[in-house]
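A short write-up of the structure that comes next.
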Amino acid sequence: MAAQASGSFLSTLLAGAAPGGARQWLKQLRANALERANALSAPTTRDEDWRFTDLTPLYRLALHAPGESGAVDVEAHRIAEAGSRLVFVNGAFREDLSEGIGGSGLEVVRLRGEFADAAWLSAHLGQIAAFAQDAFVAANTAAMSDAVAVRVPRGVTIDKPLHCLFLNTEANAVSHPRLLVVAESGSDMLFVEDHIGTVDGAYCANAVVEIAVAENAEVRHVRLQREGKAAYHIGTSAASVARDGRYRCWSVAMGARLSRHNANVRQDGEGTHFEMDGLALLGTRQLADTHSFIDHARAHGTSRQMHKCVVADGAHAVFNGRILVREGAQQTNSTQESRNLLLSDKARVDTKPQLEIFADDVKCAHGATVGQLEAEEVFYLRSRGLAEPEARNLLTYAFAADMVVRIPVPSVVRALQARIIERTGGPEIP
Amino acid sequence: MTKPDSPVLLDVRGLHASVAGVPILKGIDFTVRAGEVHAIMGPNGSGKSTFSKVLAGHPAYEVSAGSATFQGGDLLALEAEERARAGFFLSFQYPIEVPGVANAQFLRLAYNTVQGARGKDELDPLEFDDFVREKMKLLEMDPAFLDRSVNAGFSGGEKKRNEILQMALLEPSLAFLDETDSGLDIDALRIVAHGVNQLRNDRNAVVLVTHYQRLLNYITPDFVHVMDGGRLVKTGGKELALELEARGYDWIQKQAA
């Protein structure tokens, strides 16, 4: 039954995905992906990677390719600090709503029709987010008819954030937004990957973002998942980091009925540094599943990861943090922490650190905690005059806000703090 | 100065308390009058910290007998937050870190909550900023501590200064300082002691709960009490602290036995 349902689901997912593209390499890439998408079956809870995340309700949806999106108001979603903005509506790039690219120092290529081809495009697109074993990435790669690629030229620092806004406005639509970010050697940039739903009905967003960080470059990646309340969000972000490169990611999942984020980082040279901070803030019957994979393939890599889940009502959070230290990746220094706060008896979290170490001279530490607020913490705040519910709300707020205040975009911090206050009844922000 | 004629702030009679069914306090009598400084000393595990926490209303401790009267009212009938609002303050041995909440935000929330409960004016963020910066000078604290998360990444000395800053803001009539001197270098100790001395007046009182005599060189106690086995087994003047420093606790334990 499930296999049948998921088989037909893949064809639904691929609705309207004719192999195409003017450039031969792109045509070939999409054809290869289509072949894989057809060969793979859609995942079920019998797959180890999807044990806790049942996609059956998604497979039951009658999805179709999105129609023309027409007029869309994006003003409400503006990020004040951003110097440039790329807007996608239901997966399609909207040049008319995008702004600030000229003069930003960024090169942006829309891979549609007779685009200006360049070596950096074919060298990276489809090469970082592997689709051989992942039905959703394969479907996205096969279906991408409107991918956008961003290049930060060698040695260039982009001072202001790039806001990549992925809006979903249509119920029952399935979209496949696709973005490639290439930071050339010695460059520095920050981008905000921002998924927002403006429709209450169900839809499916299957997003893939690839990030190539060249030698000694730095990419900071803020990922916000604020999809609509009935949405299904499947997202992959995959980064490949060359020698001495730095990749930092702050990821917040607070929307969608069901969401999955695959966060993959691969070390392609020595001396790289990764930081990954994640927060899932869940209530009602939401499910958010984060699968991260940090691949220390070379020596002298460092990584630090903190993932927190705040789970209320009958919500469910899943975290699987895989860290692979390959043979030869000596002097790797890696820490991972998973901290989870359950706010109700029906809330659930499944957390699993997964360390695989094949080098002998490494430092790796990981830990996971699942619990409620500490009595000592509550007492401390009560001893300063706060009533017990106030003390509990403040600590719950703090648990989540601690992840948010690290995000280097102040207006995003403030917006998220306000959302956390709504969810936790935390303090007024002065 | 002992103040035999000043009003009694705290009067504890026959206090027994236990945690998880284990008796810790076994009959404490203790009286503090306005304007006084008391020191409670004693070996580890004697019940000093428990005594502070019981009086502050820690819910893990169960009072099985005795009474504590604070400014004429029944202290033990109050919730922890009500005790704070009524003017009881506990400086924690290990202050809690609250990453994600700016210190200024926390301090203002505590200040305004207590002010509101006392029927006094609350301060908006700008007014509070001026007010708290004034108080921080007393403790030679860098205003940068306002923007940092509550106690997160603070050194031991910085945490204790932040505790005394809270004391300065909340203006308690009775402050228990639990091991405020432990782990402080001499400069930090001087600053903290100076802050406490500045906050003292003839309407409030301070109880220093400490393992070491060193703090008492900077804050002179009127009474020194020795706690052992959950009881106050000896009371003397400040010279008792010096004797304890020189001779340890054994001789008192023998005397008491």
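Residue numbering restarts at 1 for every chain, and letters A, B, ... go by the order of the sequence lines. Values below: all heavy atoms of this structure, side chains included; hydrogens, waters and symmetry mates excluded. Everything numeric in this text was worked out from a predicted model, so none of it was measured.
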With a 6.0 Å cut-off (strictly less than), is the heavy-atom count around CZ of B/Arg13, excluding the residue itself, greater than 12?
yes
For A/Gln372, look at atom CD and say whether over 12 heavy atoms of other residues, nucleotides or ligands are found less than 6.0 Å away.
no
Interchain contact, B/Ala117 with chain A, by part (heavy-atom threshold 4.5 Å)
neither
Need one label for B/Phe89: side chain, backbone, both or neither, based on atoms under 4.5 Å from any heavy atom in chain A.
side chain
Minimum heavy-atom distance between A/Ala398 and B/Val101, given as atom pair plus value
CB-CG2, 3.5 Å
Please classify the contact of B/Phe106 with chain A as side chain, backbone, both or neither, using a heavy-atom distance under 4.5 Å.
side chain
In Å and rounded to the nearest 0.5 Å, what is the CD to CG distance from B/Gln105 to A/Leu394?
7.5 Å
Relative to chain B, which segment of A/Glu374 carries a heavy atom at a distance below 4.5 Å: side chain, backbone, both, or neither?
neither
More than 12 non-hydrogen atoms from neighbouring residues, nucleotides or ligands closer than 6.0 Å to CG on B/Asp121, yes or no?
no
Report, as yes or no, whether the 6.0 Å neighbourhood of atom CZ on A/Arg285 holds more than 12 heavy atoms from other residues, nucleotides or ligands.
no
List the atom of A/Arg384, the atom of B/Ala84, and the distance in Å for their closest heavy-atom pair.
C-CB, 4.1 Å
Pair listing, salt bridge (charged side-chain N to carboxylate O under 4.0 Å, His left out) test, anchored in residues 65-74 of chain B, at least two apart:
none
Please report the closest heavy-atom contact between A/Glu376 and B/Ile96, naming both atoms and the distance.
O-CG1, 3.8 Å
What are the two closest heavy atoms between A/Ala401 and B/Gly100, and how far apart are they?
CB-O, 3.7 Å
Under 4.5 Å to a heavy atom of chain B? For A/Ala387 that would be both
With a 4.5 angstrom heavy-atom cut-off, could you sort out which part of B/Asn112 is near chain A: side chain, backbone, both or neither?
neither
Above 12 or not: heavy atoms from other molecules or residues under 6.0 Å from CZ of B/Phe131?
yes
List the steps, then state whether side-chain contact (heavy atoms from CB on, under 4.5 Å) holds for B/Glu79 with A/Glu388.
CA-CA 9 Å; B/Glu79 296 289 348; A/Glu388 187 171 353; 5.7 Å; no
Hey, are A/Arg382 and B/Glu82 close enough for a salt bridge, meaning a charged N less than 4.0 Å from a carboxylate O?
no
Taking all heavy atoms of B/Thr113 and all of A/Glu390, pick out the closest pair and write down the distance.
OG1-OE2, 4.0 Å
Return the minimal non-hydrogen interatomic distance between A/Tyr380 and B/Pro95, and the atom names on each side.
OH-CB, 3.9 Å
Might you confirm whether atom CG of B/Asp142 has over 12 heavy atoms from other residues, nucleotides or ligands at distances under 6.0 Å?
yes
